[in-house]
Amino acid sequence: MLTTGPRGTRDILPDSSGYWQYVEQVIRQVCRNFAYQEIRTPVFEHTELFLRGIGETTDIVEKEMYTFNDRGKRSITLRPENTAAVVRSYLEHKLYAGPQPVKLFYIGPMFRYDRPQAGRYRQFHQFGIEALGAKGPAIDAEIISLAVDFLNRLGLSDLRLLINSVGCPECRPVYRTKLQDFFREKLPHLCPDCQSRYDRNPMRILDCKNENCAEHSQGAPHMAECLCDECNSHFSGLKDLLTAAGINFELNPRLVRGLDYYTKTAFEIQYAPLGAQSAVCGGGRYDGLVAECGGQPTPGIGFAVGIERVLLALEKQALLPVLTNSIDAFIAPLAEATQAKAFEIVTELRKAGFTADMDFMNRSLKAQMKYANKYPARFVVLIGEDELRQNKVMLKNMETGNQELIDKTSLIHMITEGMEK
Ligand code: AMP
């Protein structure tokens, strides 16, 4: 127990943290480009927020939340997603009073008691976007193009963008009734989850992962047949904008959410080579959510990308960057008596802006050189007792193999010159 982390969690070790930094850097660049600003909210919130903000009939709330009472007997939940928390923060800090729309992004860990497998973890990380305050289809097109652009910048191709409209509280009740009519006779053949969804949230039957349910939902009526004029024109507007921007998409009537505050656009981006966990990004419009959380009715749209899945995709396509741990200089004290001098030099070099390290293990010269090569280090600064006495150091250029006895005072100058060559 003490030497194994909880099931579904993973350590990001030094040999791969550079991949995370790379992906995060691309996220920051693309968000800057599209003028989205970062928001950082806590990893835990009042449970009530997620009950309201995600919906009590969803799998997340019913089965997957990490919920506990804190010592003050308040019910707390580790965030399973971040949209509800961003909306809470938007209301708490009156971001609606500033320039509109409010365009935000976040990066951080999420927690779901899910069945762990490749690409599915209990602590995982999402990069997400939320745009609050704009209701037309242009912002939908913007965030979809941001997601596509992000994945393209990483070099990922073979992506499938699926879109649908889930309507609004005006037109959805008609669809709901149509769906219930369609499933009424099939009900005994559906899984227990879908049987309970039939009354509470029948649209969710359409995205059930159970093969049998998927078969029984073949031929189910499509939301598109029931959209009201406003939802219809929003959806056509989005399709036109995506087409004009050269973004390929497929219509997928099975992409649903089904709760009242999810409205109009729903989309997903899949990367097929990931197999069962092929969804790298999921998003949609939530025009009813801000009001559900206690604010004035405010339109909103967002998405979340699973960073672990993006990294898996990059690995599959051999698109991960080559990581280097190279340093400018390694300081090698050749006797215990020269350690203090080595420390003085490494401090000076770091202050001058170089990446530098020194030996802390009292290793032999050979072992220190081997260690310096592993980085690799561009220069090694050797200090023996003779050098110490003369206030000199031996500077070895690891690329050329040349070494030179120099005054300690000219070390920074010599390394700077050497680095420029
Ligand atoms: P969702 O918040 O469920 O719409 O998920 C958005 C994205 O987060 C998905 O497309 C996945 O890429 C990722 N994701 C969701 N759940 C997990 C999980 N348990 N482990 C890893 N990634 C996940």
Side-chain angles (χ1 to χ4, degrees), residues 5-12 19-20 23-24 27 41 43 45 49-50 53-55 57-66 77-87 105-130 143-144 146-148 150-151 154 156 159-164 166 201 203-204 206-209 252 254-259 261-262 265-286 289 300-316:
R7 195 163 130 78
T9 66
R10 300 192 318 159
D11 297 312
I12 300 166
Y19 301 136
W20 286 78
V23 170
E24 286 163 10
I27 291 171
T41 58
V43 295
E45 297 276 350
L49 177 69
F50 300 118
I54 301 175
T57 61
T58 56
D59 284 354
I60 293 184
V61 168
E62 282 182 343
K63 306 180 197 162
E64 298 173 359
M65 295 209 302
Y66 279 91
T77 295
L78 299 183
R79 61 182 184 190
E81 56 96 63
N82 211 29
T83 304
V86 169
V87 166
F105 81 92
Y106 60 82
I107 304 173
M110 307 295 153
F111 308 86
R112 291 185 198 172
Y113 194 78
D114 229 332
R115 197 165 57 82
Q117 51 196 290
R120 190 168 282 283
Y121 313 100
R122 290 184 175 169
Q123 173 171 332
F124 61 99
H125 297 76
Q126 286 184 337
F127 149 46
I129 286 284
E130 312 295 348
I143 73 153
I144 291 175
L146 192 162
V148 170
F150 161 65
L151 295 164
L154 291 169
L156 288 172
L159 298 165
R160 285 176 69 196
L161 166 64
L162 310 173
I163 63 169
N164 191 24
V166 297
N201 196 348
M203 285 173 83
R204 291 289 320 280
L206 298 175
D207 74 346
C208 181
K209 302 286 175 281
N252 186 330
R254 287 177 177 277
L255 217 59
V256 295
R257 297 204 153 180
L259 293 169
Y261 38 82
Y262 293 119
T265 311
F267 69 97
E268 187 168 293
I269 301 178
Q270 296 184 346
Y271 178 69
L274 288 181
Q277 312 304 330
S278 64
V280 291
C281 172
R285 185 164 270 285
Y286 46 81
L289 181 57
I301 181 162
F303 69 68
V305 165
I307 301 185
E308 282 82 357
R309 295 205 192 156
V310 166
L311 285 165
L312 279 171
L314 293 178
E315 194 182 348
K316 277 223 147 90

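Fair warning: this is a prediction, and the values are worked out from it, not measured in the lab. Start at 1 and go down the list; that is how both ligands and their atoms are numbered.
- Considering backbone and side-chain N/O atoms, D114 comes within less than 3.5 Å of an N/O atom of ligand 1.
- The C281 neighbourhood of ligand 1 comprises atoms 10 (O), with distances under 4.0 Å to a heavy atom of that residue.
- R120 has its side chain out of reach of R112: every pair of non-hydrogen atoms, C-beta onward, lies at least 4.5 Å apart.
- Considering only non-hydrogen protein atoms, atom 19 (N) of ligand 1 sits nearest to Y121 O, 2.9 Å.
- By the 3.5 Å distance cut-off applied to N or O atoms, E308 is not counted among the residues near ligand 1.
- Counting atoms of ligand 1 from 1 in the listed order, those under 4.0 Å from a heavy atom of A279 are 9 (C), 10 (O), 11 (C), 12 (O).
- The side chain to side chain donor-acceptor pair (under 3.5 Å) test applied to R122 returns no partner, not counting sequence neighbours.
- Looking at R79 and P109, their side chains come closer than 4.5 Å, going by heavy atoms from C-beta outward.
- Nearest protein heavy-atom neighbour of atom 21 (C) of ligand 1: G119 O, 3.2 Å.
- Screening I107, I12, L311, V310 for a side chain to side chain contact (heavy atoms under 4.5 Å, CB included) with H125, the sole residue that qualifies is I12.
- Distances below 4.0 Å separate heavy atoms of G306 from the following atoms of ligand 1: 7 (C), 8 (O), 12 (O), 13 (C).
- Among all protein heavy atoms, the one lying closest to atom 3 (O) of ligand 1 is R112 NH1, 2.9 Å.
- Only the side chain of Q126 comes within 4.0 Å of ligand 1, counting heavy atoms alone; its backbone N, CA, C and O stay farther away.
- Residue-to-ligand polar distances keep F124 apart from ligand 1: every N/O pair is separated by 3.5 Å or more.
- Residues that satisfy the ring-ring contact (aromatic ring centres under 6.0 Å, His included) test with F127, not counting sequence neighbours, are F150, F303.
- No more than 12 heavy atoms of other residues, nucleotides or ligands lie within 6.0 Å of OH in Y113, so this atom counts as exposed by the packing criterion.
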